[in-house]
Amino acid sequence: MDDKILKLQHTLKKELDEDRYQHTLGVMYTSASMAMRYGADVTQALLAGLLHDCAKCIPGDKKIHLCEKYGLPVSDVEYENPGLLHARLGAYLAEKKYHIHDQEIIHAISSHTTGRPGMSLLEKIVFIADYIEPGRRELPNMKEVRPLAFKDIDQCLYRILEDSLVYLNSRNISVDPMTQKTYDYYKNELKKEA
Ligand code: FE
Ligand code: FE
């Protein structure tokens, strides 16, 4: 494999805890498989998958501190739940610390938790791979969502957004408003197609 990817793997193994690192490898290979299926660039998919959680293991208060230091926006919901910042901060670190200058990869890292309206193919791939990678806990919907990822990417994206919102709301976990926005957008898009 690409020398750059091997070097990054080595660095990330030190930045992440063991579970997160294994998850990262799962997302990396699942992203690559989906890229093969949908004709996206496999190297871009590997890099985006590998780096998507690069900021995940930074403690919450440090996440806030770093975002402030780098001039990245922090919303009220994010001040309360700094975990939500790992995507935006990760995108920043991917560029500044890991020297990824491909903006398609940066965007895929940045939107991997909440999605966003009008996602690129690579963004959809990383978003879905993050949810379905083999190491993920067997959620009740996994049996349907995993094959759907390789059958119809937009239906799969929609299904994951819907299930996530139902799950978060049922548990009273605060939802990033962008997740709802993305859901509403794709609900509309799929209606247009039907
Ligand atoms: Fe993440
Ligand atoms: Fe992840």
Side-chain angles (χ1 to χ4, degrees), residues 4-32 34 44-100 102-116 119 122-139 142 149 157 160-161 163-165 167-168 171 173-179 182:
K4 187 172 182 178
I5 293 177
L6 288 174
K7 278 193 188 136
L8 277 171
Q9 277 187 43
H10 193 73
T11 311
L12 282 163
K13 194 170 169 46
K14 288 180 271 179
E15 293 289 325
L16 302 171
D17 62 42
E18 183 58 25
D19 282 1
R20 188 58 48 180
Y21 182 65
Q22 292 306 326
H23 162 70
T24 286
L25 294 181
V27 176
M28 178 175 88
Y29 287 120
T30 304
S31 296
M34 290 184 68
Q44 273 186 327
L46 286 166
L47 280 167
L50 179 58
L51 285 162
H52 84 285
D53 270 344
C54 69
K56 184 83 178 185
C57 293
I58 299 170
D61 50 348
K62 198 174 171 198
K63 278 195 191 81
I64 292 174
H65 171 78
L66 289 174
C67 284
E68 287 171 342
K69 181 174 153 191
Y70 300 140
L72 303 172
V74 181
S75 69
D76 290 343
V77 189
E78 288 163 343
Y79 272 111
E80 271 171 55
N81 302 276
L84 296 170
L85 289 167
H86 81 275
R88 186 177 307 132
L89 181 58
Y92 182 90
L93 294 177
E95 185 154 13
K96 304 290 178 197
K97 183 173 171 187
Y98 301 110
H99 311 293
I100 301 294
D102 180 336
Q103 290 307 305
E104 290 180 31
I105 297 175
I106 300 300
H107 287 144
I109 297 169
S110 163
S111 67
H112 86 263
T113 314
T114 62
R116 67 174 180 89
M119 292 161 88
L122 185 67
E123 288 179 274
K124 291 175 188 172
I125 285 174
V126 175
F127 180 92
I128 294 170
D130 189 30
Y131 192 89
I132 66 164
E133 64 95 359
R136 275 281 189 211
R137 182 163 62 90
E138 294 287 327
L139 298 167
M142 255 339 171
L157 178 67
I160 291 173
L161 286 161
D163 291 354
S164 302
L165 283 170
Y167 174 81
L168 293 169
R171 294 225 168 175
I173 301 171
S174 61
V175 178
D176 191 306
M178 184 56 89
T179 307
T182 309

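Side chains included, hydrogens not; waters and symmetry mates left out as well; all remaining heavy atoms used. Note that the coordinates shown come from a computational prediction; the quantities given were computed from them, not determined experimentally.
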So, for [X] and [Y], which heavy atoms are closest and what is the spacing to 0.1 Å?
{"X": "A108", "Y": "A48", "answer": "CB-CB, 4.1 Å"}
{"X": "K4", "Y": "H99", "answer": "NZ-O, 3.8 Å"}
{"X": "S31", "Y": "G49", "answer": "OG-CA, 4.1 Å"}
{"X": "L161", "Y": "T114", "answer": "CD2-O, 4.1 Å"}
{"X": "F127", "Y": "S111", "answer": "CD1-O, 4.0 Å"}
{"X": "P177", "Y": "V77", "answer": "CD-CG2, 4.3 Å"}

Side-chain heavy-atom pair [X], [Y] within 4.5 angstrom cut-off:
{"X": "M28", "Y": "L47", "answer": "no"}
{"X": "S164", "Y": "Y131", "answer": "yes"}
{"X": "K124", "Y": "M34", "answer": "no"}
{"X": "L89", "Y": "L93", "answer": "yes"}
{"X": "L165", "Y": "T179", "answer": "yes"}
{"X": "I106", "Y": "Q103", "answer": "yes"}
{"X": "E123", "Y": "E104", "answer": "no"}
{"X": "H10", "Y": "L6", "answer": "no"}

Point-to-point distance, once rounded to the nearest 0.5 Å, from [atom1] of [X] to [atom2] of [Y]:
{"X": "D130", "Y": "T113", "atom1": "CG", "atom2": "OG1", "value": "6.5 Å"}
{"X": "I125", "Y": "L157", "atom1": "CD1", "atom2": "CG", "value": "11.5 Å"}
{"X": "L46", "Y": "L25", "atom1": "CG", "atom2": "CG", "value": "10.5 Å"}

* Structure fact -> Across all chains, not counting sequence neighbours, the side-chain hydrogen bond (donor to acceptor under 3.5 Å, both in side chains) partners of D163 are N141, R159

* Apply the side chain to side chain contact (heavy atoms under 4.5 Å, CB included) test between I105 and each candidate in V126, L122, L50; give the one that qualifies. => L122

* Asked: Which residue pairs pass the salt bridge (charged side-chain N to carboxylate O under 4.0 Å, His left out) test when at least one of the two sits in residues 8-29, sequence neighbours left out?
  ->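 Listed by first then second residue: K13-E18, E15-K97, R20-D53.
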
* Between D176 (side chain) and M178 (backbone), is there a donor-acceptor pair under 3.5 Å? ->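 Between the backbone of M178 and the side chain of D176 there is a qualifying donor-acceptor contact (under 3.5 Å).
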
* Check against side-chain contact (heavy atoms from CB on, under 4.5 Å), R137 and L139 -> CA-CA 6 Å; R137 182 163 62 90; L139 298 167; 3.7 Å; yes

* For the ring pair H86 and H112, is the centre-to-centre distance below 6.0 Å? ->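 Distance test on ring centres: under 6.0 Å, yes.
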
Return a table of donor-acceptor pairs under 3.5 angstrom between the side chains of residues 54-73 and protein atoms on other chains or two or more places apart.
{"unit_1": "K63", "atom_1": "NZ", "unit_2": "K56", "atom_2": "O", "d": "3.3"}
{"unit_1": "K63", "atom_1": "NZ", "unit_2": "I58", "atom_2": "O", "d": "2.7"}
{"unit_1": "E68", "atom_1": "OE2", "unit_2": "Y79", "atom_2": "OH", "d": "2.8"}

* Between T30 and E133, is any side-chain donor less than 3.5 angstrom from a side-chain acceptor? -> no

* Asked: Can you check side-chain contact (heavy atoms from CB on, under 4.5 Å) on H23 and R136, steps first, answer last?
  -> CA-CA 8 Å; H23 162 70; R136 275 281 189 211; 3.6 Å; yes

